Each structure stands twice: as C-alpha cells, then as structure tokens.
> 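This is the structure, below, for whatever I ask next.
Computation of the quantities below employed the complete heavy-atom set of this structure, encompassing side-chain atoms and omitting hydrogens, waters and symmetry-equivalent molecules. Bear in mind the structure is a predicted one, so any value in this text is a computation, not a measurement. Numbering of ligands and ligand atoms starts at 1, following listing order.
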Amino acid sequence: MSNSTNTASADVETFRGSSLELKNLSMAYGDIEVLRNVSFTIAPGTTTCIIGPSGSGKSTLLRGINRLHEPKSGDVILDGDSALGLKPDILRRRIGMVFQHFNLFPDHIALENVALSLRNVKGMSRAESKERAMRRLVEVGLAERSEHRPRDLSGGQQQRVAIARALAMEPEVMLFDEATSALDPELVKGVLTLMAGLGGRGMTMAVVTHEMGFARKVADQVIFMDEGEVVEAGSPEDLFDRPKSDRLQRFLSEVL
Ligand SMILES: Nc1ncnc2c1ncn2[C@@H]1O[C@H](COP(=O)(O)OP(=O)(O)O)[C@@H](O)[C@H]1O
Ligand SMILES: [Mg+2]
C-alpha cells in the first residue's frame, strides 16, 4: 500500500499476516497436564519455529491455537481478538493448519481438494472456486498436476496441495505440524522452500519442525519446548549457537 512501484512483483501475491500472542496457555488431556503457562508472541509476517523432543507438547500447542483441542486456561490473541471468544469455524478460517499426514480427500483430484472448501466454507460458485483453486495450485508449483488424485501424486506434491488448500482460505496465520516428516528425503527440500517463500511474502507462521537447518535459516524466532513448557526462546543464533539450558544443549547434541 505504501509503495507505488509494485509493478515488478505484480504477479507475486503478498500476504497480510496477523500477530499471534499466546498468554499463559495451559492444556490437558483429562487430568494429565501437557502444557503449562506457555507464552510467546509472533509478530505479523514473521516465522516462529518450535522445536523440542517428542512428547514435549508441540502438537498440542498448535491444536490449542486453533482449538482442535480446547485450552484449559490462558488465551490466544489473534490480531487483537481472543481466539477463545471466536467461533471455532471462524477461527479456523483465520488460522490455517498443515499436518504431517496431508489429510486430503482421496477420491477427489487436486483441484477439487482445494475448490471444495472454497465452495463449502466460502460459499463460492463452482466456476469461481475452480478458478481460485487453480491459482493456488499454480502458486505451489502444481499446475500440471491439478487433475491428479492424491494417490497419483508424490508425498511432496500431496503436501503442496494441502498447503494450497489452507492458503485458499486466505488465513492470517499458518500452522505447520511436522509438515515434512512423512516425506521421502529428496522431497523435503522443495516443501521447505515453499514454506520459506510464504514467510518471505508476509505470512505469519508457527512451524513445528525437526529440520534444524530450516529453523536456523528461516526462523525469526525459535522456541524450544520440553515437558510442556517453553524452556528457551530467542533468535536462531541465541538457541543454536548459545543454548543456555542443559535441556536445550542435550537436545541439540542429539539432533544436530
Ligand atoms: N489425545 C491425547 N490423549 C492423551 N494424551 C495425549 C494425547 N495427545 C498427546 N498426548 C500426550 O500429550 C503429551 C504431548 O504430546 P504432543 O503434543 O503430541 O507432543 P509432541 O508433538 O511434542 O510430540 C505427550 O505426553 C502425549 O503422550
Ligand atoms: Mg507432534
């Protein structure tokens, strides 16, 4: 808006990511507490990577942010609005999520996987939904695969469809839960590059990942979690080059 010389990048859409603030978020499964007083802020258009051992509560945290599992206490503030005060379906339009297993509709082609929710959630016409879905598939590099069913796509291509589907809702924040963990090694890089590109174009992102190279290179902020708590938070340099706690030092010695 502030820049009138935008012709050079006219074909690259930018996002208007919102801020996301977690305030003393606590979560439990029944009587078992799994998150305790988790607080951090993700500035608009920045990428936060969340790292930590298996079982430390990373997935639970993302599930709490868009209320796939209701937090026990605390709050999530999305662009000034309490997420707990929003209707869950409205909240999930504003916060997109991408999972390790792509959760595509197996009987629908890639284009329909994206277009369906545009009709169901956004109430678009058939023609408009298909046109919009195609644009999203082009954006994730899948124009030539739009007519393929998930089983005829590689894991990396399926994950791109899932990302296109989430982007089609025009979210203000994107959550990724180990989005590349189920992929064959040679397909990981392409999906990570796509994710980094979204961040570069202004999306606000919370990325749970085991890809430490990605976290170091792309993250504006890294959060290290262990046993349901934030143990350290800071820049990639702070966490990877100058870890303070024994727990983070031990974790890094195991994964790097
Ligand atoms: N649906 C569930 N019911 C009960 N306990 C769960 C459930 N999901 C996860 N947990 C437990 O919550 C803790 C945090 O799990 P999770 O958030 O999946 O960790 P991470 O994603 O870091 O591996 C673990 O101890 C796990 O066993
Ligand atoms: Mg997990």
Side-chain angles (χ1 to χ4, degrees), residues 20-42 47-76 83-84 88 91-92 95-104 155-156 158-159 162-163 166 171 173-185 187-188 191-192 195 199 204-216 218-219 221-234 236 239-240 243 245-256:
L20 187 75
E21 185 182 359
L22 277 58
K23 285 183 159 173
N24 291 315
L25 199 69
S26 293
M27 295 181 62
Y29 294 107
D31 292 336
I32 303 168
E33 278 206 348
V34 294
L35 279 195
R36 270 177 306 279
N37 291 319
V38 171
S39 299
F40 59 84
T41 300
I42 308 182
T47 295
T48 290
C49 286
I50 301 163
I51 61 172
S54 180
S56 56
K58 306 180 299 297
S59 294
T60 302
L61 175 69
L62 294 191
R63 291 163 56 80
I65 291 173
N66 71 357
R67 288 170 63 196
L68 292 172
H69 188 73
E70 290 289 342
K72 201 171 106 189
S73 60
D75 206 349
V76 176
L84 300 183
L91 176 66
R92 286 177 212 139
I95 302 182
M97 186 152 173
V98 174
F99 301 88
Q100 178 175 350
H101 300 287
F102 329 113
N103 302 353
L104 298 176
Q158 290 181 58
Q159 192 58 293
I163 292 170
V173 174
M174 288 278 283
L175 311 177
F176 292 86
D177 193 356
E178 296 194 27
T180 59
S181 294
L183 301 181
D184 290 334
L187 302 176
V188 168
V191 173
L192 291 177
M195 289 164 59
T204 302
M205 309 211 296
V207 181
V208 169
T209 187
H210 292 299
E211 298 287 340
M212 297 300 141
F214 176 86
R216 183 189 272 275
V218 172
Q221 169 176 245
V222 180
I223 306 279
F224 171 62
M225 291 184 61
D226 192 20
E227 297 180 349
E229 293 175 332
V230 174
V231 179
E232 289 192 42
L239 269 75
F240 292 120
S245 61
D246 288 346
R247 284 198 274 183
L248 177 53
Q249 286 169 16
R250 206 177 328 127
F251 175 73
L252 292 176
S253 73
E254 279 159 16
V255 297
L256 289 180

> Going through the checks in order, is the side-chain hydrogen bond (donor to acceptor under 3.5 Å, both in side chains) test met by Q100 and S181?
CA-CA 6 Å; Q100 178 175 350; S181 294; 4.8 Å; no

> Taking R67's backbone N and O only, do any of them form a donor-acceptor pair with R92's side chain (distance below 3.5 Å, no angle check)?
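Looks like yes, one N/O pair under 3.5 Å.
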
> Give me the number of protein N, O or S atoms whose distance to the Mg ion (ligand 2) is under 2.8 Å.
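Step by step: take the Mg ion (ligand 2), keep protein N, O, S below 2.8 Å, and you get 1.
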
> Does T47 use its side chain to pair, donor to acceptor, with the backbone of V218 at less than 3.5 Å?
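Pair absent, no side-chain N/O of T47 close to backbone of V218.
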
> Using the salt bridge (Lys or Arg N to Asp or Glu O under 4.0 Å) rule, take E33 and K72 through it: C-alpha gap first, then chi angles, then the decisive distance, then the call.
CA-CA 9 Å; E33 278 206 348; K72 201 171 106 189; 3.0 Å; yes

> Run through ligand 1 for me and note each protein residue having a heavy atom under 4.0 Å from it, chain first, then residue number.
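Contacts of ligand 1 under 4.0 Å: Y29, V34, P53, S54, G55, S56, G57, K58, S59, T60.
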
> Measure from the side-chain N and O atoms of E70 to the backbone N and O of G64, and report whether any donor-acceptor pair falls under 3.5 Å.
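No, because the side chain of E70 does not come within donor-acceptor range (under 3.5 Å) of the backbone of G64.
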
> Using only atom types and a distance under 3.5 Å, with no angle test, would you say the side chain of E227 pairs donor to acceptor with the backbone of S56?
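Absent.
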
> Using a 3.5 Å distance criterion without hydrogens, assess whether the side chain of Q159 forms a donor-acceptor pair with backbone atoms of A179.
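Judged by distance alone, yes, a pair lies under 3.5 Å.
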
> Could you tell me whether the side chain of S26 and the main chain of N37 form a donor-acceptor pair under 3.5 Å?
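Judged by distance alone, yes, a pair lies under 3.5 Å.
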
> For a 4.5 angstrom cut-off between non-hydrogen side-chain atoms, does F224 reach V222?
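Not in contact.
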
